[in-house]
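Data first, discussion second: the structure below is written as structure tokens.
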Amino acid sequence: MTNTTRLVWVDAAKGISILLVVLMYSTFSVGEDTGETSVLHWAVGFTMPFRMPEFFLISGLFLSQVIGRSWGRYLDRRALHYLYFYVLWMIIHIVVKVAIFAGSPMEAVGQIAFGIVQPYGVLWFIYLLAVFGITTKIVHELRVPTWMVLVVAFLLQAGDIDVASYVVTQFAEYYVYFFIGFVAAPLMLQAMTWVSKNKQIAIIGLVFWAATNFFVIYFPSYTVVPNGFKIGYAQLPGLHFIFAVLGSLAICTTAVILSALRPMEWLVWVGQHSLAIYVAFALPMSIARVLALKTGLIADANLLSLTVFVAALSGSLLLHWFVQATGIGRFLFERPSWIRLR
């Protein structure tokens with residue numbers, strides 16, 4: 001497998017991941033506002049163990065290419081890059097939702113200040129990428145044994161830590177997957193090379209994984225609520241980690257298979273623009289949901305959830321297309337040259 005091919009399947013995996021993330025937020029937000037559940041709740045429930053772990057694992061996959069850089073160059077690419085988009089879009093989200101729509105400018109100022117230490121809304125993922133990047137650089141510079149980092153990270157994940165600080169809670173839950181992506185990158189790339197040459201066997205493996213994942217999600221019991229989904233055996237410590245890793249590998253395997261198909265080139269394109277989608281999708285999602293509910297045009301929860309999902313995805317992509325086509329607002333998706341560590 002060539003390096004170019006590897007990047008193609010990685011983009012496809014990112015595309016799958018961002019679609020699942022947008023689907024989850026769209027489904028649960030509609031459920032929270034309507035008090036109803038939809039068919040999409042069951043689809044979201046199936047992805048619960050691996051949706052975010054796979055995103056973090058992929059994010060750490062090529063960290064080895066930059067981990068040896070000087071602190072200045074490293075922080076510029078792996079911390080400041082993400083923090084710029086986090087701060088920018090945090091301000092945009094809060095100004096639009098709180099200052100303008102809710103008519104509370106002073107509350108918006110307070111939320112912006114609080115967002116510096118407590119990640120805001122859906123943007124927590126970008127915030128954590130910067131934190132994970134810095135953490136990994138520190139343990140690398142200190143030459144902390146890999147096995148030790150993995151053990152500590154696994155114990156944090158298995159500990160089901162839930163504290164007031166969202167940073168601490170999400171760090172404990174997801175850092176192990178980011179670090180696995182970093183240290184296991186060669187094995188991952190070799191495995192996906194094997195998949196590209198043995199697609200039929202890989203598809204059989206995906207069927208078996210899907211069946212076992214279904215079992216641990218829906219047995220011995222599960223609970224569906226409008227704004228959430230409580231899974232079965234897969235919530236147990238240890239088992240949750242195993243199926244998060246297996247699900248991540250399944251998504252990567254699926255990405256290798258799909259990226260080889262010409263009709264699926266759109267998925268690769270979506271993955272290449274996953275950051276733009278992630279930072280922006282919540283705004284069109286909220287607007288579409290509020291408009292649909294206030295006008296009463298869509299009463300069915302299934303159709304409403306699907307409509308909001310499409311609006312969130314297409315709205316963010318249309319905004320990105322407009323910026324690229326006109327040159328207006330490039331700073332929304334491209335970090336200005338003056339915000340760099342020289």
Side-chain angles (χ1 to χ4, degrees), residues 17-41 43-44 47 51-52 55 82 85-116 118-128 166 170 224-229 270 273-323 328-329 331-333:
S17 297
I18 192 62
L19 290 177
L20 294 178
V21 168
V22 176
L23 179 66
M24 184 270 290
Y25 279 108
S26 299
T27 301
F28 287 168
S29 65
V30 169
E32 185 172 11
D33 284 356
T34 62
E36 300 179 31
T37 60
S38 68
V39 174
L40 294 182
H41 277 75
V44 171
T47 71
R51 183 182 56 252
M52 293 312 298
F55 226 154
Y82 296 117
F85 289 111
Y86 169 76
V87 173
L88 172 66
W89 281 93
M90 173 193 67
I91 294 174
I92 293 173
H93 282 226
I94 294 176
V95 168
V96 172
K97 293 180 179 180
V98 182
I100 297 177
F101 287 155
S104 303
M106 293 308 299
E107 182 182 350
V109 172
Q111 288 194 20
I112 290 173
F114 190 59
I116 302 299
Q118 187 83 321
Y120 177 81
V122 302
L123 299 174
W124 67 270
F125 171 78
I126 301 173
Y127 190 108
L128 262 293
Y166 201 62
Q170 298 300 78
V224 183
V225 295
N227 63 343
F229 195 104
V270 167
H273 299 85
S274 59
L275 181 61
I277 296 172
Y278 198 97
V279 296
F281 83 87
L283 289 179
M285 178 186 75
S286 300
I287 294 172
R289 186 181 69 251
V290 171
L291 286 177
L293 290 173
K294 286 192 173 183
T295 59
L297 292 176
I298 305 176
D300 180 70
N302 296 296
L303 182 57
L304 178 57
S305 297
L306 182 60
T307 301
V308 170
F309 166 68
V310 173
L313 187 64
S314 59
S316 56
L317 288 174
L318 282 173
L319 176 60
H320 182 266
W321 170 83
F322 173 82
V323 169
I328 300 174
F331 67 94
L332 293 173
F333 302 111

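Count residues from 1 along the sequence. Remember, predicted model here, so these are calculated numbers, not experimental data. Scope of the values below: all heavy atoms of this structure, side chains included, with no hydrogens, waters or symmetry mates.
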Report, one line per pair, each donor and acceptor closer than 3.5 Å where one atom sits in a side chain of residues 87-96; sequence neighbours left out.
residue: W89; atom: NE1; partner: L332; partner atom: O; Å: 2.9
residue: H93; atom: NE2; partner: V279; partner atom: O; Å: 2.9

Contacts table for residues 310-320: side-chain donor-acceptor under 3.5 angstrom, sequence neighbours left out:
residue: S314; atom: OG; partner: V310; partner atom: O; Å: 2.6
residue: S316; atom: OG; partner: A312; partner atom: O; Å: 3.1
residue: S316; atom: OG; partner: L313; partner atom: O; Å: 2.8

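When atom types are taken as modelled, the side chain of S29 and the backbone of S26 share a donor-acceptor pair closer than 3.5 angstrom.
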Report the C-alpha separation of V30 and E36 in whole Å, then their side-chain angles, then the decisive distance to 0.1 Å, and conclude whether the side-chain contact (heavy atoms from CB on, under 4.5 Å) test is met.
-> CA-CA 8 Å; V30 169; E36 300 179 31; over 6 Å; no

Check the pair L291 / I287 against side-chain contact (heavy atoms from CB on, under 4.5 Å), numbers first and verdict last.
-> CA-CA 6 Å; L291 286 177; I287 294 172; 3.8 Å; yes

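For residues 301-320, no pair satisfies salt bridge (Lys or Arg N to Asp or Glu O under 4.0 Å), with sequence neighbours left out. Screening residues 301-319 for salt bridge (Lys or Arg N to Asp or Glu O under 4.0 Å) gives no qualifying pairs among residues at least two apart or on separate chains. The list of salt bridge (Lys or Arg N to Asp or Glu O under 4.0 Å) pairs with a residue in residues 96-115, not counting sequence neighbours, is empty. For residues 23-33, every residue pair satisfying the salt bridge (Lys or Arg N to Asp or Glu O under 4.0 Å) rule, not counting sequence neighbours, is listed here: D33-R289.
By the side chain to side chain contact (heavy atoms under 4.5 Å, CB included) test, T37 is found to be paired with H41, W42, V224, P226, residues two or more places apart in sequence or in another chain being considered. Y25 meets the side chain to side chain donor-acceptor pair (under 3.5 Å) test with W124; sequence neighbours excluded. Scored by the side chain to side chain donor-acceptor pair (under 3.5 Å) test, S286 finds no partners at all (sequence neighbours excluded). Annotation: side chain to side chain contact (heavy atoms under 4.5 Å, CB included) contacts of V109 (sequence neighbours excluded): none. For F125, the ring-ring contact (aromatic ring centres under 6.0 Å, His included) test picks out F55, F56, Y278, with sequence neighbours left out. For Y127, the ring-ring contact (aromatic ring centres under 6.0 Å, His included) criterion is met by Y86, not counting sequence neighbours.
For the atom pair T47 OG1 and F229 CZ, the distance stands at 9.5 Å (nearest 0.5 Å). Separation of atoms CZ (F28) and CG (L23) is listed at 9.0 Å; rounding is to 0.5 Å. Between atom OG1 of residue T34 and atom CG of residue N227 there is a gap of 10.0 Å, rounded to the nearest 0.5 Å. Taken to the nearest 0.5 Å, the CZ atom of F333 stands 10.0 Å off from the NE2 atom of H273.
In terms of heavy atoms, R51 sits closest to L20 at CD-O, 3.5 Å. Heavy atoms only, all atoms of each residue included: L40 and S305 are closest at CD1-CB, 3.7 Å. For the residue pair V308 and A288, the shortest heavy atom distance occurs at CG2-C, 4.5 Å. Nearest heavy atom pair, residue I18 against residue S274, reads CD1-O, 3.9 Å.
Between L275 and I126 there is a side-chain heavy-atom pair separated by less than 4.5 Å. A heavy-atom distance below 4.5 Å is found between the side chains of F309 and V22. Side-chain contact between V39 and L306 is absent, with no heavy atoms from C-beta onward closer than 4.5 Å.
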